[in-house]
Asks: 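Got a structure for you, questions after.
Heavy atoms only: backbone and side chains are in, while hydrogens, waters and symmetry mates are out. Note that ligands are numbered from 1 as they come in the structure, with each ligand's atoms numbered from 1 the same way. In this chain, numbering begins with 1 at the start of the sequence shown. Everything numeric in this text was worked out from a predicted model, so none of it was measured.
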Amino acid sequence: MAISERFLQSGPMPSGSVEGIGAKEKEPINNICVMKFGGTSVGSAEAIERVAGIVEAYRRNGNPIVVVVSAMSGVTEELIKVCDNIAVQNNQGAIELINNLQERHFSTCLQLNMPSLWKLDLQGELNSLFDQLREEANRDGLMLDGRRDSILSFGERLSAKIVAARLGLLAEPVDASIIIETNDKFGDAAPNMKRTRKNVREAIPNLIRRGRIPVITGFIGATPDGRRTTLGRGGSDYTASILGWALGSREVFIWTDVDGVYSGDPRKDPTAVLIPEMSFVEADKVARNGGKVLCPKTLEPFLGLNGDAKTVVWVKNTFNPDSQGTRISHSSQL
Ligand code: ASP
Ligand code: MG
């Protein structure tokens, strides 16, 4: 089976074990940029058009790129409600929520600027994921944590399909469950960094060498025996930094809906100012102490490198891409 086929998001569980990736690690590719787009950045057709503009502009300069996506805004919350409904045996309520989600994803698909034929294909793929989700919801049994993570994984799997379809034939949706290997702490799973790095290096450069744009699901992973896990709320940022670390990327962009990291909450504190430069240590403190822009673990992969990390993490606004953003690196100081 071609490696790209193994990555297609078919089937309810990660297809093939992570060992099954198989391809040999080749020469590393320098310069792979990781761009992560958060929930609001993929939250509507209009936002996804912006994402496509940003990715296409970057690619036009010939730069290799990996895209990471969150679920569309609010979708993870709805999926949590789906789980809560199932937990109290209100399967009808769960199915209604799922049907509403299907409608939202379909109408986004219809509004995208792409050929009708692609829309039809995309609808087919979304349909199949929604069928799997309904099946999962209708299954008897308790709402255990593993089942919850499996249901939550649909948000990112759906958005990756949509964004990849919009980016066109070169883009390929990748289910991170077959590269991000984690323990079984469902809801807050910790990646096995060594195994994950090996998986990433075997799989992603090969796709890029073939001219593809991997569109990878944020937030999700899987245990070595293929049970789906999630990395904690907001975990797509963490997925992006894990990938950037594993690929030795020079740049990781966290595209969000504010101009960067602020000294306080700009919505509540009028004196809050944008911080143009931060060190990993400083940004890590902010992320762990309740700063909303980055998920708490985002900087973790770079902190252990003791000054050796060549990666720069940028926080930028999808809706104001010309604004300078926040630059986070080893050397930068507050
Ligand atoms: N969709 C997940 C969440 O809402 C992960 C993310 O958005 O980063 O928590
Ligand atoms: Mg976030």
Side-chain angles (χ1 to χ4, degrees), residues 9 34-44 47-48 51 66-84 97-98 101 104-105 108 129 133 145 148-163 173-177 180 182 185-191 215-222 228-244 252-262 265-267 283-284 286-301 313-319 325-326 328:
Q9 297 171 306
V34 177
M35 285 200 179
K36 176 259 171 177
F37 295 93
T40 10
S41 301
V42 297
S44 66
I48 293 169
V51 168
V66 165
V67 174
V68 177
V69 290
S70 289
M72 294 179 76
S73 49
V75 167
T76 305
E77 277 75 18
E78 291 303 297
L79 291 169
I80 290 171
K81 285 188 205 153
V82 167
C83 296
D84 293 344
L97 288 166
I98 294 171
L101 283 174
R104 174 167 172 207
H105 284 81
T108 305
L129 281 171
L133 178 54
D145 291 345
R148 190 172 277 270
D149 274 7
S150 169
I151 290 176
L152 296 192
S153 77
F154 280 92
E156 273 69 14
R157 290 157 71 197
L158 289 159
S159 63
K161 291 280 191 198
I162 296 181
V163 171
V174 174
D175 185 333
S177 304
I180 310 262
T182 72
K185 193 162 182 242
F186 296 104
D188 186 27
V215 179
I216 305 180
T217 55
F219 182 50
I220 66 180
R228 290 187 180 281
T229 55
T230 60
L231 307 179
R233 291 304 308 275
S236 301
D237 296 339
Y238 192 28
T239 306
S241 63
I242 292 168
L243 290 167
V252 172
F253 286 83
I254 306 290
W255 288 96
T256 180
D257 56 3
V258 289
D259 281 348
V261 180
Y262 281 78
D265 183 344
R267 288 179 195 111
D284 181 62
V286 173
R288 287 184 194 276
N289 291 328
K292 296 250 159 34
V293 184
L294 292 171
C295 107
K297 294 178 200 156
T298 311
L299 286 320
E300 205 174 272
V313 177
W314 289 93
V315 180
K316 299 263 291 174
N317 190 348
T318 305
F319 303 90
T326 296
I328 306 168

Asks: Is there a side-chain contact between Leu79 and Leu133 (heavy atoms, below 4.5 Å)?
Replies: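 Yes. Closest side-chain heavy atoms under 4.5 Å.
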
Asks: Could you tell me whether the side chain of Ser159 reaches within less than 4.5 Å of the side chain of Val75, counting heavy atoms only?
Replies: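 Val75 does not reach Ser159 side chain to side chain.
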
Asks: List the steps and the verdict of side chain to side chain donor-acceptor pair (under 3.5 Å) for Thr229 and Asp149.
Replies: CA-CA 5 Å; Thr229 55; Asp149 274 7; 5.3 Å; no

Asks: Less than 3.5 Å between some nitrogen or oxygen of Asp237 and one of ligand 1, yes or no?
Replies: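 Not met; the criterion fails.
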
Asks: With a 4.5 Å heavy-atom cut-off, do Thr318 and Thr40 have their side chains touching?
Replies: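 No, side chains not in contact.
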
Asks: State, with a plain yes or no, whether a side-chain heavy atom of Ile220 is found less than 4.5 Å away from one of Thr239.
Replies: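 The answer is no, as the side chains (C-beta and beyond) never meet within the 4.5 Å cut-off.
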
Asks: Could you say whether the N/O atoms of Gly234 and ligand 1 ever approach to under 3.5 Å?
Replies: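 So ligand 1 has an N or O lying under 3.5 Å from an N or O of Gly234.
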
Asks: How far is atom 3 (C) of ligand 1 from its nearest protein heavy atom, and which residue and atom name does that atom have?
Replies: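 So the nearest neighbour among protein heavy atoms is Arg233 NE, 3.4 Å.
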
Asks: Tell me which part of Glu77 gets within contact of ligand 1: side chain, backbone, both or neither, using heavy atoms under 4.0 Å.
Replies: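 No part of Glu77 comes within reach of ligand 1.
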
Asks: Which of the numbered atoms in ligand 1 are under 4.0 angstrom from any heavy atom belonging to Thr76?
Replies: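 Near Thr76, meaning under 4.0 Å from one of its heavy atoms, ligand 1 has 1 (N), 2 (C), 3 (C), 4 (O).
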
Asks: If you measure from each heavy atom of Gly38 to ligand 1, is any distance below 4.0 Å?
Replies: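 No; Gly38 lies far enough from ligand 1 that no heavy-atom distance drops under 4.0 Å.
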
Asks: N/O of Ser70 under 3.5 Å from N/O of ligand 1, yes or no?
Replies: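 Among all N and O atoms of Ser70, at least one is under 3.5 Å from an N or O of ligand 1.
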
Asks: Check this for me, if you would: do Asp84 and Arg148 make a salt bridge, where the nitrogen-to-carboxylate-oxygen distance has to be below 4.0 angstrom?
Replies: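 Yes.
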
